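Take a look at the structure below.
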Amino acid sequence: MAETAKMSIGSKTVELPVLTGTDGPPVVDIRKLYAETDVFTYDPAFTSTASCESKITFIDGDKGVLLHRGYPIDQLAQDSSFLEVCYLLLNGELPNAAEFETFEHTITHHTMLHEQFDRFFNGFRRDAHPMAIMVGAVGALSAFYHDSTNIDDPKQRMISSHRLIAKMPTIAARAYKYSVGQPFVHPRNDLSYAENFLRMCFSVPAEDWKPNPVLTRAMDRIFILHADHEQNASTSTVRLAGSSGANPFACIAAGIACLWGPSHGGANEEALNMLKEIGTVDRIPEYVQGVKDRRYRLMGFGHRVYKNYDPRAKVMQQTCHEVLAEVGHADDPLLKVAMELEKIALNDPYFIERKLYPNVDFYSGITLRALGFPAEMFTVLFALARTVGWISQWKEMIEDPSQKIGRPRQIYTGAPYREYVPVDKRG
């Protein structure tokens, strides 16, 4: 017999089903609560509410576990490739050799943008933030690709998924090139996903970008580490937008807009700014004391979900060292500050008690800077990587028959009913 939970409200008692997933805590199904008791639940920021059923990503924050379709993130980051992870998130299983070859070919041959699309960038000021360009440009894709906006057609859903994964690096690179006043670089079909993106960002007419396997692998690994992260703010935004029947390009643009917030996608930029503010190792004790006194904020430590070491952080730390050594920045003063700050935080009772462990943002900012990206591009790169997670979550939601248009409830605390008074009779 299925387990139930009883809830008594006044004279009414209701039995609510208790659901269990593959892993994670049981969930009390409250869908019929309002109909049977005339009350809502109150859960600001949805910290205790499951909004959907999903088979894509599982996180156990207490244990520091992150799985994509059952596979640990560290194994995927070390041994897989971003496009293979894309296939996994979209389709539920890792591809065999033939399936991967077909998928890679499809993505590679969808990287070009419609020629008219390039004119779209000219509508922005040269000093526009690259994320502002991303929000507008991705939303505009629906004006160019009408043949894949029917969300009720499984084939069109997959075509739009492939297009978004393929074209996002091209759009992101153009946003960067436009912001620095350089000509656009077209993609090439003989390069890998990460190679293509780096070349489109850093090639100039006078000098072509030279492939570097260490830097290419680092870029690919960064994409993997940011591919999906369960029902976070931007993913929930994509799902909520999609629940209305909006086309996938509009939904992903909504996710990008949400990701732009400094508490979400901008966290790695904030962590880098903190390291710059500290400046040198000898100033760390004073800064740490300032954190304890609530004068400073410790960016890149702690996480809304993880109450243990962020499983992505260890891979990001290794990647950071590899990149800095390759580009000759192994003695980067910011890295020395980061390493010493991490050591102190992991051994100081104040941080241990509060479970303020380093997260993926702590090292990714240093790594991206060493790769040559300015801070304003960090969130753009996050959006590029997260696109596959967003589109996989969107696709799963569309194919779930139990999903309806999102409509959260509220506790109304405004004025009670009152009669309108004409302006000449108001005191």
Side-chain angles (χ1 to χ4, degrees), residues 61 64 74 77 129-130 180 202 212 214-215 217-219 221-222 225-226 261-382:
D74 56 336
H129 195 288
V180 295
F202 299 124
N212 182 309
V214 175
L215 304 187
R217 179 60 183 143
M219 191 78 263
R221 195 177 288 160
I222 289 170
L225 293 175
H226 292 85
S263 295
H264 192 4
N268 53 8
E269 184 176 350
E270 294 294 319
L272 184 64
N273 289 337
M274 177 195 69
L275 296 176
K276 289 179 179 178
E277 183 181 345
I278 296 172
T280 56
V281 171
D282 62 310
R283 194 171 167 258
I284 290 178
E286 185 270 327
Y287 193 90
V288 168
Q289 188 59 48
V291 171
K292 295 177 181 180
D293 296 338
R294 299 183 181 278
R295 290 184 290 113
Y296 303 133
R297 290 186 66 193
L298 188 66
M299 305 303 298
F301 286 78
H303 196 276
R304 175 73 171 273
V305 174
Y306 296 113
K307 306 307 175 189
N308 201 319
Y309 207 97
D310 182 340
R312 302 167 299 170
K314 293 179 181 178
V315 181
M316 195 69 249
Q317 181 193 45
Q318 175 192 338
T319 303
C320 181
H321 284 286
E322 291 173 359
V323 170
L324 291 172
E326 181 66 19
V327 300
H329 293 173
D331 292 328
D332 188 331
L334 291 192
L335 179 63
K336 292 181 178 179
V337 171
M339 294 296 293
E340 184 63 23
L341 187 58
E342 180 192 42
K343 188 193 308 181
I344 291 173
L346 291 178
N347 291 281
D348 190 311
Y350 177 89
F351 299 106
I352 295 171
E353 290 168 8
R354 290 163 177 76
K355 298 182 178 179
L356 295 175
Y357 300 100
N359 60 41
V360 69
D361 300 311
F362 185 63
Y363 287 104
S364 63
I366 304 173
T367 309
L368 292 174
R369 189 183 73 147
L371 285 169
F373 293 103
E376 56 268 23
M377 274 295 291
F378 291 176
T379 316
V380 172
L381 296 170
F382 196 159

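On a predicted model such as this, the values are computed, not experimentally measured, just so you know.
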Side-chain H-bond candidate by donor/acceptor type, E342 with Y363, under 3.5 Å: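 Checked: E342/Y363 side chains pair up, N/O donor to acceptor below 3.5 Å.
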
Measuring from [X]:[atom1] to [Y]:[atom2], what's the distance to the nearest 0.5 Å?
X: N273; Y: I278; atom1: CG; atom2: CD1; result: 11.5 Å
X: E340; Y: T280; atom1: CD; atom2: OG1; result: 11.5 Å
X: M299; Y: M274; atom1: CE; atom2: CE; result: 8.0 Å
X: R217; Y: I222; atom1: CZ; atom2: CD1; result: 11.0 Å
X: T367; Y: L381; atom1: OG1; atom2: CG; result: 11.5 Å

Please check if the side chain of [X] supplies one atom and the backbone of [Y] the other of a donor-acceptor pair under 3.5 Å.
X: N359; Y: G302; result: yes
X: Y287; Y: R297; result: yes
X: R283; Y: E277; result: yes

Evaluation steps, side-chain contact (heavy atoms from CB on, under 4.5 Å), between H329 and I366: CA-CA 10 Å; H329 293 173; I366 304 173; over 6 Å; no

Give me the atom names and distance for the closest heavy-atom approach of [X] to [Y].
X: V327; Y: A370; value: CG1-O, 4.0 Å
X: K336; Y: D331; value: CE-O, 4.0 Å
X: V323; Y: A218; value: CG2-CB, 3.3 Å
X: V380; Y: P130; value: CG2-CB, 3.6 Å
X: V291; Y: Y350; value: O-OH, 3.8 Å
X: A313; Y: P358; value: CB-O, 3.7 Å

Residues R295 and E286 bridged, charged N to O under 4.0 Å: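 A salt bridge is present here (some side-chain N lies under 4.0 Å from a carboxylate O).
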
Under-4.0 Å salt bridge between R221 and E322: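 A salt bridge is present here (some side-chain N lies under 4.0 Å from a carboxylate O).
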
Any heavy-atom pair between the side chains of [Y] and [X] that's under 4.5 Å?
X: N212; Y: E326; value: yes
X: V360; Y: H226; value: yes
X: H321; Y: L335; value: yes
X: F362; Y: L341; value: yes
X: L368; Y: M377; value: no

Verdict with reasoning, F351 to V288, per side-chain contact (heavy atoms from CB on, under 4.5 Å): CA-CA 10 Å; F351 299 106; V288 168; 3.6 Å; yes

D361 and D310: CA distance, side-chain angles, deciding distance, side-chain contact (heavy atoms from CB on, under 4.5 Å) verdict: CA-CA 10 Å; D361 300 311; D310 182 340; over 6 Å; no

Plane angle bin for F373 and F202 - parallel if under 30°, tilted between 30 and 60°, otherwise perpendicular: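 Tilted.
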
side-chain hydrogen bond (donor to acceptor under 3.5 Å, both in side chains) partner of D348, the single match among K343, R354, K292: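 That would be K292.
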
